[in-house]
Amino acid sequence: MNVKKRITGLMALALAASSVAGLAGCGNINTGVSYEENGKKIYAYKFNMYTQDDTKYPETHDNAFDETLKEKFNMYLDYDRIPRTDWETKTNTYFATGDAPDITTGGKEPNYKGWAEDGQLMPVADSLEDLKEKLPNYVKLFGENLEDVYNLSASADGKLYYLPSLRQEKAQMCWLYRQDIVDPILEELGMKEFPKTTDEFLLLCKTIKEKYPDKIVISSNGQKKSSLTGFFQAFGMPELILSEYSYVERDGSFVPYALTTDNARKMYSFLKELHDMGAIDNEILSLEKDKFYSRCATDNAVITYNYVYNADTFTSKTNVNGKTGGKWTYTSNMLTNDPARGTVFKKDPAYSNWGPAFATSCDSEPGKFDRALDLYDFFASKAGQLYSTYGIEGESYNLMTIDEYKDTEKAKIDKKVADGKTTEEKAAAEKQKIDDFVVPEDWKVTKDDFTYHGRSEFDGIVFSEPSRELEDGVEYVPVVADGWYHQNDNSKGTKINEKLGMFSQVFIKYPKLFYENRGKQIEGLYKEFMEKVENDNYYYIESVPMRYTQDEQDSMTDLETSLATKRDEYMARFLLGNMDPENDADWNKYISDMKRVGLEKFENLQTTVYNRTKADLEK
């Protein structure tokens, strides 16, 4: 391992950023020493977490969350809350200078694996079986995906050094388009639906441009290079190819660097053809979100690749200043240049590669590391999910029987009728949907769910008594109380994090909240994709385990930077027409320049790591 190189590089980065990030203002991060209070030992932790720009927390510890930590877990967290934009610089500096926090959240897998290789983290588990024994509630979150998650997230030594978070989203991204503009043209062309092949898509874009010469047909929506994701997939590459570089083809062959292959050349040529006809504008790689919204408002955006739940947002951004009739919709039809190979769609991974990691200082006294694991296994339980999502029952949320819940929802519709915001006919249809709605099993709460069943230290303890007396055998659902809302909810009211002090970096939001926010659209898209897996030769490309040693990771980091810079330079040249990927001289110049900055070394390294990791996992 190259610890000296790591520390020197990080210190230089930290010093350069210190005037901006304010590295001197670290709060009380240097504490974390346990103490006695009221005859009890309180385990104290230096706790590092990143915060979203608009998330606020109490400045003192006299809030429900911190009081519960002390009362139930004998824990005290000394917070160092870091804005997301500064998190990596500050946290890397802590680890590089030997001042690592006991618990850190907000990092990503490469951070954790690097610190683990340097010997700065406690292994959470030595093996999958060890993880099952240590964290019984946590492992249940991943179901049949548990083994794959472990294999992907474990370090080169086979041990797990952080706790990944469950990815509740199954599929989110697809093509969005102006239905009022595109559908009449599809009908004119004799197409019954949005295109499924690149040839059909080319014809559609050409026709739109002929009818509306002043419109930008394909626009970025603020995602910049990620706006090309749908095109990567159309040519058989995974959606994250700009950052993951390698993948396994459907036939099982390993591709160590995707964007120099024949498929990549075909994709670049296709993008250039779209650009040459004026269908893609020059800002596809740089457009900011606000400018895309301005394009919506001026009817100057027709097709984009984005999150399924943003169709309504784009519609509202279009129908401004008295305008009506603009309608964005989504399609689960993805593009392919090779129907025989099949059509790639983006299936979200089973886990997010961030979560808590624990420094070796967590093992500085007996019980300290185990107590931290107690806390996180609690958060993985249903009792913990309710607490970390909704807060305190009877204050920030209430439990209702399923009938009470449905009556409450129907009462909201009656109020909309009384306020003149909907008609009786529409209200009746909406209320019928509520009557017909079958509450999913993972929404339901029973009396037993308020008792934690897991790690032995706390097994059988009720962490918070509900305000109403729960009946045996009756199922309830949580409902946000009047005047309260979760940070991900758009209603007005008191933010749970801000008043109760809870942090959100846990493994899973309670499923009901996820579904109500945007899960309905996500689940709908996923269902459509899976039907096409059965009937239309659709498939998705899974991430493959790649376990690097620290020296390999250091080499990777240097090569990634050089290759990405050169790749982006040529991507812009091909896309904007300055060079032609169909021209052998131009393409060979690209390949030559990529080799000059390390392509062959990168491919050899990736192939070595892939083959070794695959062999290790097959043992």
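Every heavy atom of this structure was used, including side-chain atoms; hydrogens, water molecules and symmetry mates were not.
Under the 3.5 Å distance criterion, the side-chain polar atoms of Arg612 are matched with a main-chain donor or acceptor of Arg547. With hydrogens and angles ignored, the 3.5 Å screen pairs no side-chain donor or acceptor of Arg567 with any backbone N or O of Leu259. Distance alone, capped at 3.5 Å, places no donor-acceptor pair between the Arg265 side chain and the Thr260 backbone. Judged by distance alone, with hydrogens and angles left aside, the side-chain atoms of Lys196 form no donor-acceptor pair with the main-chain N or O of Met334 at under 3.5 Å. At distances below 3.5 Å, not a single donor-acceptor pair connects side-chain atoms of Ser592 with backbone N or O atoms of Asn588. Although no hydrogens or angles enter the test, the distance criterion places no donor-acceptor pair under 3.5 Å between the side chain of Lys509 and the main chain of Leu513. Without hydrogens or angle criteria, Trp328 side chain to Ile303 main chain gives no donor-acceptor distance under 3.5 Å.
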When the side chains of residues 182-192 are checked against the rest of the protein, which donor-acceptor pairs come out under 3.5 Å, sequence neighbours left out?
unit_1, atom_1, unit_2, atom_2, d
Asp183, OD1, Tyr177, OH, 3.3
Asp183, OD2, Gln179, NE2, 3.2
Glu188, OE1, Lys211, NZ, 3.3

Check: residues 144-152 side-chain donor-acceptor pairs under 3.5 Å, at least two apart:
unit_1, atom_1, unit_2, atom_2, d
Tyr150, OH, Ser127, N, 3.2
Tyr150, OH, Gly158, O, 2.9
Asn151, ND2, Glu147, O, 3.4

Scan the side chains in residues 424-432 for donor-acceptor partners under 3.5 Å anywhere in the protein, sequence neighbours excluded, and list what turns up.
unit_1, atom_1, unit_2, atom_2, d
Lys431, NZ, Asp414, OD1, 2.8
Gln432, NE2, Asp436, OD1, 3.0
Gln432, NE2, Asp436, OD2, 3.4

Side-chain donor-acceptor distances from residues 231-245 under 3.5 Å, at least two apart:
unit_1, atom_1, unit_2, atom_2, d
Gln233, OE1, Tyr305, OH, 2.9
Ser243, OG, Leu240, O, 3.3

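The distance between the ring centers of Tyr112 and Trp354 does not fall below 6.0 angstrom.
For Lys209, the NZ atom counts as densely surrounded, since its 6.0 Å shell holds more than 12 non-hydrogen atoms of other residues, nucleotides or ligands. Open room surrounds NZ on Lys601; 12 or fewer heavy atoms of other groups in view lie less than 6.0 Å from it. Other residues, nucleotides and ligands contribute only 12 or fewer heavy atoms inside 6.0 Å of the CG atom of Asn321. Around atom NZ of Lys595, no more than 12 heavy atoms belonging to other residues, nucleotides or ligands sit under 6.0 Å away. Heavy-atom contacts from other residues, nucleotides or ligands closer than 6.0 Å to NZ of Lys206 number 12 or fewer.
Under the 30°/60° scheme for interplanar angles, the aromatic rings of Phe574 and Tyr590 are found to stand perpendicular.
Interatomic distance, CG of Leu285 versus CG of Leu228, reported as 5.5 Å (0.5 Å rounding). Here the CE-SG distance, from Met277 to Cys205, works out to 6.5 Å after rounding to the nearest 0.5 Å.
Exactly one of Leu575, Asp276, Leu576 qualifies for a side-chain contact (heavy atoms from CB on, under 4.5 Å) with Leu271. That residue is Leu575.
Partners of Tyr538 according to the ring-ring contact (aromatic ring centres under 6.0 Å, His included) rule, which considers only residues two or more places apart in sequence or in another chain, do not exist here. Residues that satisfy the ring-ring contact (aromatic ring centres under 6.0 Å, His included) test with Tyr610, not counting sequence neighbours, are Phe254. With sequence neighbours excluded, no residue satisfies side chain to side chain donor-acceptor pair (under 3.5 Å) with Ser165. Every residue meeting the side chain to side chain donor-acceptor pair (under 3.5 Å) condition with Tyr247, not counting sequence neighbours, appears here in chain and number order: Glu249. Residues satisfying the ring-ring contact (aromatic ring centres under 6.0 Å, His included) test with Tyr526, not counting sequence neighbours, are none. Judged as a side chain to side chain donor-acceptor pair (under 3.5 Å), and not counting sequence neighbours, Glu603 has no contacts. Shown here are the ring-ring contact (aromatic ring centres under 6.0 Å, His included) partners of Phe514, two or more places apart in sequence or in another chain: there are none.
Tyr268 and Glu273 share no side-chain donor-acceptor pair at under 3.5 Å. His275 and Asp281 share no donor-acceptor pair across their side chains, judged by distance under 3.5 Å alone. Under 3.5 Å, the side chains of Asn537 and Lys532 contain no donor-acceptor pair of N or O atoms. With hydrogens and angles left out, the side-chain atoms of Asp251 and Ser253 include a donor and acceptor closer than 3.5 Å.
At a threshold of 4.5 Å between non-hydrogen side-chain atoms, the residues Met579 and Tyr570 count as touching. Counting heavy atoms from C-beta on, the side chains of Lys170 and Phe529 never come closer than 4.5 Å. Side chains of Ile522 and Tyr309 form a contact here, defined as non-hydrogen atoms less than 4.5 Å apart. A 4.5 Å side-chain heavy-atom check between Thr304 and Trp175 finds every atom pair outside the cut-off.
Of all heavy-atom pairs spanning Pro195 and Leu335, the tightest one is O-CD2, 3.6 Å. Here the shortest heavy-atom pairing between Thr422 and Ile413 reads CG2-O, 4.4 Å. Across all their heavy atoms, Ser562 and Val597 have their closest contact at CB-O, 3.7 Å.
The side-chain hydrogen bond (donor to acceptor under 3.5 Å, both in side chains) pairs that include a residue from residues 340-351 are Glu109-Tyr351, Arg167-Asp348, Gln172-Asp348, Thr336-Arg341, Asn337-Arg341, Arg341-Tyr539, where partners are two or more places apart or lie in different chains.
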